[in-house]
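On a predicted model such as this, the values are computed, not experimentally measured, just so you know. Letters A, B, ... are given to chains in the order of the sequence lines, protein chains preceding strands, and every chain is numbered from 1.
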Protein chains: 2
Amino acid sequence: MQKDKEDRSQDACAHHHLAIRDTMELLSGKWKIRIIGSLSFGPKRFMELKGYIDGIAAKMLSKELQDLETNGLVNRTVLQTKPITVEYKLTPYGYSLQPVIDAISDWGMQHRNKMIAHLKKA
Amino acid sequence: MQKDKEDRSQDACAHHHLAIRDTMELLSGKWKIRIIGSLSFGPKRFMELKGYIDGIAAKMLSKELQDLETNGLVNRTVLQTKPITVEYKLTPYGYSLQPVIDAISDWGMQHRNKMIAHLKKA
DNA sequence: TTAACTGGTTTCCTTTAGTAAACCCATTAC
DNA sequence: GTAATGGGTTTACTAAAGGAAACCAGTTAA
């Protein structure tokens, strides 16, 4: 049984959808992508992250970091400093999201430039 | 006043954050990225979209499409067929999100393959 | 005239997301 | 002893997202 062109294209399309759905499930919510974006510049401590991600409450940050850890994207290490500090960093799997983060960031920059250009014209 | 290396890196980082925040604001919620993903294969009618995006309720689809239209990412056209049909398609601006959608989709496929490989081992 | 189809909207309800503020524990500094 | 710092958790609450089902309007086929 040979599939025709339309079948193949619909298959590709269906896989595409499933892949998008899967990714977005892991990255669901308002904060996860921003957290990963912050960590993509290197490890950060809890309070440091809270400072970077303006508007996030400690509770949310804590919960989202736990989610990300559960999904193997982020690693949590308690450092025996005094007072103790906790370092969060991306796992290699977390780093594999870099192309996604970059694409989002790039688009945001273009978007921003467009807005600025629009304002200058007016 | 010359900025040192650390300043510049923090600037880049800050811009990165803002860009990510801006993008994610436009694409907020559970469905927008999936809708754009569906439309990236070409224009679709309302019921057609609803069929593609499994689990979405008419109310949500309607609302999300309105949001996307307001933000200039999607175009809505009423076709004078009988019964009337409504066609949704990406604007050029909407299409400019293709790299984001593709990055997400690609990662999802890798993720899925990883899961499958994991299952086979066990 | 009754039903079906497209493209919704409305209502009611539940779940999840999100917030602020208080609290907790260990440590070290004053 | 009292405050400050780091890294949280708990409580109590509000706002927003989301879902199921009913409903509606125009058209057309049986």
Side-chain angles (χ1 to χ4, degrees), chain A residues 17 20-39 42-71 73-91 104, chain B residues 17 20-39 42-71 73-90:
Chain A
H17 287 315
I20 291 174
R21 197 198 53 191
D22 290 351
T23 306
M24 296 321 291
E25 241 157 61
L26 286 186
L27 303 179
S28 65
K30 192 173 172 182
W31 304 108
K32 294 204 185 66
I33 291 183
R34 290 180 63 186
I35 293 171
I36 295 173
S38 290
L39 291 178
K44 302 241 178 320
R45 287 176 301 107
F46 187 85
M47 283 299 164
E48 214 174 343
L49 269 175
K50 190 165 176 312
Y52 265 103
I53 303 169
D54 69 297
I56 197 169
K59 184 182 123 183
M60 284 307 297
L61 183 52
S62 172
K63 205 209 75 188
E64 298 291 73
L65 284 169
Q66 280 173 34
D67 281 8
L68 292 171
E69 206 192 348
T70 302
N71 286 318
L73 298 172
V74 161
N75 202 266
R76 180 180 187 272
T77 321
V78 178
L79 302 176
Q80 292 309 318
T81 53
K82 286 171 186 176
I84 58 158
T85 49
V86 181
E87 190 186 74
Y88 293 93
K89 63 178 172 188
L90 294 180
T91 61
I104 291 172
Chain B
H17 287 315
I20 291 174
R21 198 197 52 193
D22 291 351
T23 307
M24 295 322 290
E25 241 157 61
L26 286 186
L27 302 179
S28 64
K30 192 172 170 181
W31 304 108
K32 294 204 185 68
I33 291 184
R34 289 179 65 184
I35 292 171
I36 295 173
S38 291
L39 290 178
K44 303 241 178 321
R45 288 175 300 106
F46 188 85
M47 282 300 165
E48 212 173 345
L49 268 175
K50 191 166 175 313
Y52 264 103
I53 302 170
D54 69 298
I56 197 168
K59 182 183 119 181
M60 284 308 298
L61 182 53
S62 171
K63 206 210 75 188
E64 297 291 73
L65 284 168
Q66 280 173 34
D67 280 7
L68 292 171
E69 205 192 350
T70 302
N71 286 318
L73 298 172
V74 162
N75 203 266
R76 180 180 188 273
T77 320
V78 178
L79 303 176
Q80 292 309 319
T81 53
K82 286 169 186 177
I84 58 158
T85 48
V86 182
E87 189 185 75
Y88 293 93
K89 62 176 170 188
L90 294 181

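Toward the 5′ end of DNA chain D lies the nearest nucleotide of A:Ala58, the other residue of the pair B:Met60 and A:Ala58 mapping further downstream.
Look at NZ on B:Lys50: it is 12 Å from P on C:dT6, rounded to the nearest Å. For A:Lys30 and D:dA15, the NZ to C1' distance is 11 Å, given to the nearest whole Å. C:dT16 atom C1' lies 11 Å from atom CD of A:Glu64, rounded to whole Å. Atoms CG (B:Leu79) and P (D:dT27) sit 16 Å apart, rounded to a whole Å. In this entry the distance linking CG of B:Leu61 with C1' of C:dT6 reads 13 Å, nearest Å. Regarding B:Lys82, its NZ atom lies at a distance of 16 Å from the C1' atom of D:dA25, rounded to whole Å. Rounded to an integer number of Å, the gap from B:Asp67 CG to C:dG8 C1' is 16 Å. Separating the CZ atom of A:Phe46 from the C1' atom of C:dA26 is a distance of 17 Å, rounded to the nearest angstrom.
For A:Lys59 and D:dT10, a side-chain-to-base donor-acceptor distance below 3.5 Å is absent, hydrogens and geometry of angles not being considered.
Distances shorter than 4.0 Å separate some side-chain N or O of B:Arg76 from OP1 or OP2 on C:dG8. At least one side-chain nitrogen or oxygen of B:Trp31 sits closer than 4.0 Å to the OP1 or OP2 atom of D:dG19. For A:Tyr88, no side-chain nitrogen or oxygen approaches OP1 or OP2 of D:dG6 to under 4.0 Å. Neither OP1 nor OP2 of C:dG8 sits under 4.0 Å from any side-chain N or O of B:Ser62.
The shortest side-chain heavy-atom distance between B:Leu65 and B:Leu49 falls under the 4.5 Å cut-off. A:Ile104 places none of its side-chain heavy atoms less than 4.5 Å from the side chain of B:Leu27.
For A:Val86, counting side-chain heavy atoms from C-beta on, the closest listed nucleotide (C:dT19, D:dG8, C:dT6) is D:dG8. Proximity note for B:Pro83 (side chain, C-beta onward) versus D:dG7, C:dT6, D:dG19: the nearest is C:dT6.
Within 4.0 Å of A:Gln66, counting heavy atoms only, lie sugar-phosphate atoms of the nucleic acid but no base atom.
To the nearest 0.5 angstrom, B:Arg76 atom CZ is 8.0 Å from B:Gln66 atom CD. Atom CZ in B:Arg21 sits 11.5 Å away from atom CG in B:Leu26 (nearest 0.5 Å). Rounding to the nearest 0.5 Å places CG of B:Leu90 at 9.5 Å from NZ of B:Lys44.
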